[in-house]
Amino acid sequence: MVLDERKMKILKTIISTYLETGEPVGSRTIAKDSDLHLSSATIRNEMADLEELGYIIQPHTSAGRIPSDLGYRLYVNQMMEEHDMEIKEKEEEIEAERQMMFQKMDRMEEMLKSVADVLANDTNYATLVSTPHIRESKLKFIQLSMVDHCRMLAVIVVGNETVKNLLINVEDPLSNEEILKLNILLNSFLQGLALNEITLELMHTMKVQAGMHASILETVFSGIVEAIHEADDMEIYTSGATNMLKYPELSSPAQTTALIDTLVGKKQLVQLVDETVSDRDKHGIQVYIGSENQLPSLRDCSIVTATYELEEGGTGTVGIIGPKRMDYRKVVHTLKNLTADLDEIFNKKA
């Protein structure tokens with residue numbers, strides 16, 4: 001028989017009180033210790049029903065009641081169901097956060113690519129936009145879940161929304177409770193740490209707490225190192241390389257080849273962006289005219305850069321590359337407005 005809510009609350013009170021005191025539990029104790037707000041007479045009637053159903057027994061006349069084996073079984077079953085629900089809710093919460101990370105990352109990439117294209121079309125110059133660069137990126141969270149009976153998926157999210165998926169082979173499938181414990185262990189110890197803060201002592205402590213699953217943590221640690229190193233790399237999007245051919249002073253075969261190689265190959269641009277985000281004196285708007293920039297292939301050009309920042313840390317660069325006779329006033333005004341917009345967009349609360 002399924003007990004109604006009131007009977008179940010009374011049974012739980014009897015069991016929890018008996019587990020604590022070892023003494024039979026009477027109606028007055030239940031009335032005083034529970035939040036049922038029922039009279040002793042009503043509670044006695046409910047206890048009589050519970051006794052008749054076999055969930056509690058009266059050890060001797062005039063004594064209170066104690067739980068029967070059937071009562072214990074019902075109590076334990078419901079406790080396990082509640083525990084399973086807690087695990088499911090926790091997993092759903094982690095999954096929702098992970099999906100939000102994926103969406104934010106996708107939106108950021110698409111937006112930055114679009115920014116490069118729009119800038120190139122609006123200015124008739126070449127443009128570059130970098131993803132945010134975070135030095136000593138920090139771990140945001142880790143989620144473990146079973147893929148099938150012999151493989152586990154570890155999703156590792158680092159600082160600037162870098163996401164690494166890692167498949168881990170396991171000899172035996174882990175239960176939901178075991179996975180939850182590992183997720184809690186990993187996130188409670190490692191969340192918010194940079195790579196240099198994850199010490200051997202910390203890893204040893206975690207592996208001891210993981211017990212028989214220590215080897216899983218070892219694999220996860222390796223994945224974290226790779227994810228943080230990947231997060232410290234940056235992506236650069238460029239657009240408008242062919243715009244440079246419109247300017248006679250940049251259209252000689254040698255100049256054209258060097259410009260296209262720089263803008264399409266992007267490797268040389270990493271140096272420019274890295275210097276911009278690493279040196280706080282170069283944040284904001286910077287103008288490099290001709291020989292003032294460090295890239296030989298762009299010595300006949302001017303470069304105007306601006307930086308935008310993420311609230312959680314990380315700096316990105318937007319740059320416009322054109323002839324030395326570019327419209328500096330328009331370019332600076334455009335970059336000021338654009339970076340202000342990017343700061344607002346990326347720092348909005350999800």
Side-chain angles (χ1 to χ4, degrees), residues 107-133 234-311 314-348:
R107 287 198 305 269
M108 181 181 291
E109 289 180 354
E110 289 303 315
M111 179 175 292
L112 294 180
K113 289 176 184 176
S114 176
V115 165
D117 291 339
V118 170
L119 270 181
N121 289 331
D122 287 351
T123 63
N124 269 321
Y125 302 133
T127 60
L128 69 90
V129 182
S130 80
T131 55
H133 187 42
M234 76 179 80
E235 185 72 39
I236 297 176
Y237 306 112
T238 60
S239 187
T242 56
N243 285 343
M244 305 298 277
L245 305 180
K246 300 174 183 178
Y247 304 98
E249 64 268 43
L250 300 175
S251 60
S252 72
Q255 287 174 315
T256 299
T257 300
L259 282 170
I260 297 298
D261 285 348
T262 299
L263 293 170
V264 176
K266 305 179 186 178
K267 287 184 179 179
Q268 294 182 61
L269 297 178
V270 172
Q271 177 187 348
L272 171 67
V273 173
D274 194 45
E275 289 178 359
T276 302
V277 299
S278 301
D279 187 350
R280 293 204 67 84
D281 290 338
K282 294 183 179 179
H283 287 195
I285 302 287
Q286 299 293 325
V287 180
Y288 305 92
I289 300 173
S291 59
E292 291 177 357
N293 78 71
Q294 300 301 310
L295 302 182
S297 60
L298 299 181
R299 291 286 168 83
D300 294 323
C301 304
S302 285
I303 306 172
V304 183
T305 64
T307 52
Y308 66 92
E309 304 204 12
L310 299 186
E311 189 174 43
T315 305
T317 298
V318 182
I320 295 178
I321 304 167
K324 285 186 278 189
R325 60 185 175 95
M326 71 162 56
D327 187 342
Y328 293 100
R329 185 185 298 275
K330 177 182 177 181
V331 167
V332 169
H333 179 72
T334 298
L335 287 180
K336 280 184 177 179
N337 289 338
L338 174 62
T339 52
D341 290 342
L342 290 177
D343 285 339
E344 181 180 354
I345 290 168
F346 291 146
N347 295 320
K348 279 183 179 177

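Nearest heavy atom pair, residue T262 against residue S297, reads OG1-OG, 2.6 Å. Nearest heavy-atom pair, A306 versus T339, reported as atom, atom and distance to 0.1 Å: CB-CG2, 3.5 Å. A pairwise comparison of heavy atoms in L250 and D300 identifies CD2-O, 3.6 Å as the closest pair. Summarising the geometry of Y247 relative to N124, their closest heavy-atom pair is OH-O, 2.9 Å, with the distance given to 0.1 Å. Considering every non-hydrogen atom in both M326 and I321, the closest pair reads CE-C, 4.1 Å.
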>> Please evaluate residues V318 and L342 with respect to the criterion side chain to side chain contact (heavy atoms under 4.5 Å, CB included), reporting the C-alpha separation (whole Å), side-chain torsions for both, the decisive distance (0.1 Å), and the verdict.
In response: CA-CA 10 Å; V318 182; L342 290 177; 4.0 Å; yes

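Residues S302 and V331 have side chains not in contact (no heavy-atom distance under 4.5 Å, counting atoms from C-beta outward). Counting heavy atoms from C-beta on, the side chains of Y237 and T127 never come closer than 4.5 Å. No side-chain heavy atom of T238 sits under 4.5 Å from any side-chain heavy atom of V264. With contacts defined as side-chain heavy-atom distances shorter than 4.5 Å, the pair P323/Y125 qualifies. For the pair L295/L269, a side-chain contact is recorded, criterion being any heavy-atom separation below 4.5 Å from C-beta on. Side-chain contact between L245 and S251 is absent, with no heavy atoms from C-beta onward closer than 4.5 Å.
A donor-acceptor distance shorter than 3.5 angstrom exists from the side chain of Y328 to the backbone of K324, with no hydrogens or angles considered. Between the side chain of T307 and the backbone N or O of G284, at least one donor-acceptor pair lies under 3.5 Å. Checking side-chain atoms of N293 against main-chain N and O of L298 turns up a donor-acceptor pair under 3.5 Å.
Distance check, rounded to the nearest 0.5 Å: CZ of R329 to OG1 of T334 gives 12.5 Å. I303 CD1 to I289 CD1: the interatomic distance, rounded to the nearest 0.5 Å, is 11.0 Å. Separation of atoms OH (Y308) and CG (L338) is listed at 9.5 Å; rounding is to 0.5 Å.
More than 12 heavy atoms of other residues, nucleotides or ligands sit less than 6.0 Å from atom NZ of K246.
A salt bridge between R325 and E249 is present, with a side-chain N of the basic residue lying under 4.0 Å from a carboxylate O of the acidic one.
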Please tabulate, one pair per line, all N/O donor-acceptor pairs under 3.5 Å involving side-chain atoms of residues 114-122, not counting sequence neighbours.
| from | atom 1 | to | atom 2 | distance (Å) |
| --- | --- | --- | --- | --- |
| D117 | OD1 | S239 | OG | 2.8 |
| N121 | ND2 | D117 | O | 3.3 |

